[in-house]
Amino acid sequence: MIRTRFAPSPTGNLHIGGLRTALYAYALARHEEGKFILRIEDTDKKREVKGGVKQIQEILKKFNLNWDEGPFIQSERVKTGIYEKAAKRLVKDGHAYEDQGAIRLKIPQNEKISYHDFVLAKEITWDTNSLTDLVILKSDGFPTYHLAVVVDDNDMGITHVLRGHDWLPSTPIHLLIYKYLELTTPKIGHLTDILDPEGGKLSKRKGSTSVEGLLKEGYLPEAILNFVMLLGWAPKDNKEFFTLDEFIKVFDSKGFQKSNPVFNREKLDWFNGQHIRKLSDENLTQKISEFYKNKFEKEKIVLIIPLIKERIKKLSEFNSIAGFFFENPKVDKKLFGKNYRDHIPKAIEGLTNNKELIDIAKENNFKVGDFFMDLRVAVTGNKVTPPFNESIEILGHEKTLERLRIALK
Ligand code: GLU
């Protein structure tokens, strides 16, 4: 049975690359009814961020990446003596030595060490002369990443290790430890780096690639996931739209891509729009309401949804597209056409007598397009808006008239 794990360090916000690792590890296990394990690698206490462990769990839950076992917390496992025991055995067998209270792995000379990467689909080999002895157990009894990862992957029965490309240089060390402890090496795969469209690797410094940040910008978890699914993996048929369950069904290691994917915002926006349109009106209403912390009345949002659902790409656009329904807009007079001082009074007069706008335009020989544009600007503050007639129906007769009057002042 497949057993995979996600093993983040609680060092701050989860980034898009971390979410991808978690998603792929999760789907690899789920695809074959295996198990997905969450392990927190917190043996480097200096780098830990307060609340980091809780934050990771909350994010994974938001994305429905639910784990079957764990979270196993490495700092708590130290007490069991499992890491110390492994380190001592390495010392006893001559593969490690004590150094100022710490234990260092002894790297052999002139050996080749290799493994087959199941993501990159190739054999990777190192010459041990390119490696240096390094600490595996610190003097305070805490293991370093290299020892902890091997001991735990073995102890937890992990069959497939999936991780970011950054970790590739650590792999030969792990391979040596597996060998010296006479453990079975799991299958290991390193995911390609995600690139920034501006060039180089996607990095935290270059803007919002944190998952929390994307949620705050109004992207839906299911859309972010769908976008991430295809950052390094592709189905046979080039299908793009996937729910998590659909993805699990088709996901396998044959689809891993060898070239580095690019983080493309327009693509993410496109996915978000697609997923928004899949939501029921009630569901979308609920999400918008939550996104804006109940600032807008739900009864009204639900009426507006049919007018905007086809064009909204992010929840955060709701205010700019539909904010005028809730409060009088600031109208920039420069947006009016040259005849607005004719158009608006006639509209007020006609509407007061319950005439249809189109009839008012005809009776006065107004150019229909210009007439409607001036009304649109007066009522919404914008030239591009949801369909106008439907909008003023939701807004109501009195509010519409009030805004037309204000615009003339
Ligand atoms: N703790 C490492 C991280 O934060 C995990 C590396 C691995 O999966 O082996 O990404």
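One-based numbering, in listed order, for ligands and for the atoms of each. Computation of the quantities below employed the complete heavy-atom set of this structure, encompassing side-chain atoms and omitting hydrogens, waters and symmetry-equivalent molecules.
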Going by the atom numbers of ligand 1, which of them fall below 4.0 Å from some non-hydrogen atom of V149? 9 (O)
Polar-atom distance check: A7 versus ligand 1, any N or O pair below 3.5 Å? yes
Heavy atom of the protein closest to atom 3 (C) of ligand 1 (residue, atom name, distance): W167 CZ2, 3.4 Å
From the list K54, K61, K62, salt bridge (charged side-chain N to carboxylate O under 4.0 Å, His left out) partner of E58 resolves to K54
Look at ligand 1 and say whether Y145 reaches it with a heavy atom at a distance under 4.0 Å.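 Y145: in contact with ligand 1 (<4.0 Å).
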Verify side-chain hydrogen bond (donor to acceptor under 3.5 Å, both in side chains) between D374 and N339, making sure each step is shown before the conclusion. CA-CA 8 Å; D374 283 338; N339 298 321; over 6 Å; no
Of the listed options R163, H146, R5, E41, closest to atom 1 (N) of ligand 1 (non-hydrogen atoms):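 Shortest heavy-atom distance from atom 1 (N) of ligand 1: E41.
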Measure from NZ or CZ of K346 to the centre of the six-membered ring of F366 and say whether it is under 6.0 Å with the direction within 45° of the ring axis. no
Could you tell me if R376 and T385 have a donor-acceptor pair between their side chains, going purely by distance under 3.5 Å?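 On atom types as modelled, these side chains qualify, holding a pair under 3.5 Å.
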Only one of T21, D166, T171 clears side-chain hydrogen bond (donor to acceptor under 3.5 Å, both in side chains) with H190; which?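 Output: one option passes, namely T171.
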